[in-house]
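Just below is one structure, and these are the notes that go with it.
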Amino acid sequence: MSIELRPLRLPDDYEAIAALLNTCWSEPCTAQRLEEDDAKLYTVGHTYLDENGLLAGYDRTRRVAVTEQDVIVGYVWSWRAPWTEPGHLSNTLIVAGEHRQQGAGQLLLEHVIDWGTALGATTLVTDVWDDHPDALQFAERRGFTVERHAFQSVLKLDRVDPIRLREAETLKLLESEGLRFLTLADEPGEESERKLYELYKETLVDIPGYTGEVPGIQEWRKWYLMAEGYAPEQVIIAADGDNYVGVTNVLHNQLTNGMYHEYTGVKRAYRGRKIAQGLKIKAMLLAKERNAAYIRTDNDSMNAPMLRINRSLGYEPLRGNYRLTAKLRDVARIAARN
């Protein structure tokens, strides 16, 4: 079967791309969501080499692999945001199961190589599930190596007793210490969002595996705070007086009636006091009130404190994913031999 690449034809291709992504992503997406995300983005990228000669700025490229009948069987999206680590390009590459080992993946990767080389990129980054050995082998044969391992955890909420949670000793202890729990809906407005942003700025860089810079407040608001499924009453905050010291942002997926911990962080000076556990308990109570089916999270294998919290609250481990990196020149050299 002959397979070739072509640029995206939007909005016509959104449905097929969403279908491909849903074979890979943990939480399902829709064509509408993809179109809304595109509307948040720039129309023309801007990249340059910084003072160290490394790629900076922002841009993206996308291609689909199609059959002779123009059926989409593969998709690649390569990008960098303004806060991406210098020199790096992030990548999502998917080929439909029944069309693998027919050259689509190689064609999609070659597009990334050509585009990244033209920009002056040095490093490619991607992720594969740890229960997809074929995907891992495809990447490793082309020069990628495993850098980190992250795990998913899920809590099925039909097993959760809200009465027991409300009486949790952790909540009583934190409240006795003068901490209060609120949501962004309780204290809406620009000043509250600014305080949250400062909390993210301190805590994001402490996440194992976090690379690059913290985005500016406007980009943070679009891609971190107000991600798909956001609601201000789902942004749970721990406060010491007027000082925001911890946060968990929980997103709701209407397609699955599930909730997802987009982020949990606690200020360094307040760690070790079970604030993260208290925030997680509050999120579980919120999810029960919403009659959600489950609540899910992801944690790096090196984030032992958060993994312990999840296990203590009854989260069950699911599959994980590997973060892979490769030098672009190595990937290009291997591709040239194939």
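Start at 1 with the first residue, then count along the sequence. Fair warning: this is a prediction, and the values are worked out from it, not measured in the lab.
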Have Y263 and T203 got a donor and an acceptor in their side chains that come within less than 3.5 Å?
yes
Apart from W79 itself, members of its ILVMFWY cluster (side-chain separation under 4.5 Å) are L8, L10, Y14, I17, L20, L21, W25, L34, V64, V66, I72, Y75, W77, I94
When you look at CG of D242, are more than 12 heavy atoms from neighbouring residues, nucleotides or ligands closer to it than 6.0 Å?
no
Do the side chains of D206 and R271 get close enough for a salt bridge, i.e. N-O under 4.0 angstrom?
yes
Test your reading of the model: is there a side-chain donor-acceptor pair from Y42 to the backbone of D59, 3.5 Å cut-off?
yes
With a 4.0 Å cut-off, would you call R319 and D130 a salt bridge?
no
Does a side-chain N-to-carboxylate-O contact under 4.0 Å join E85 and R80?
no
Tell me yes or no: between the side chains of Q152 and S26, is some donor less than 3.5 Å from an acceptor?
yes
Ignoring hydrogens and geometry, is there a side-chain-to-backbone donor-acceptor pair from D50 to L54 under 3.5 Å?
yes
Is it true that Y244 and S192 share a donor-acceptor pair across their side chains at a distance under 3.5 Å?
yes
Presence of salt bridge, R273 and D240, under 4.0 angstrom:
no
Which residue pairs pass the ring-ring contact (aromatic ring centres under 6.0 Å, His included) test when at least one of the two sits in residues 312-338, sequence neighbours left out?
H149-Y322
Tell me yes or no: between the side chains of K267 and N243, is some donor less than 3.5 Å from an acceptor?
yes
I'd like to know if E36 and R33 make a salt bridge, using a cut-off of under 4.0 Å between side-chain N and carboxylate O.
no
Determine, for Y294 and K156, whether the Lys NZ or Arg CZ falls below 6.0 Å from the six-membered ring centre while staying within 45 degrees of the axis.
no
N-O pairing of E213 and K201 below 4.0 Å
no
Quick check with a 6.0 Å cut-off and a 45 degree axis cone: is R141 positioned over the face of F138's six-membered ring?
no
State, without any angle test, whether H111 and T61 hold a side-chain donor-acceptor pair at a distance under 3.5 Å.
yes
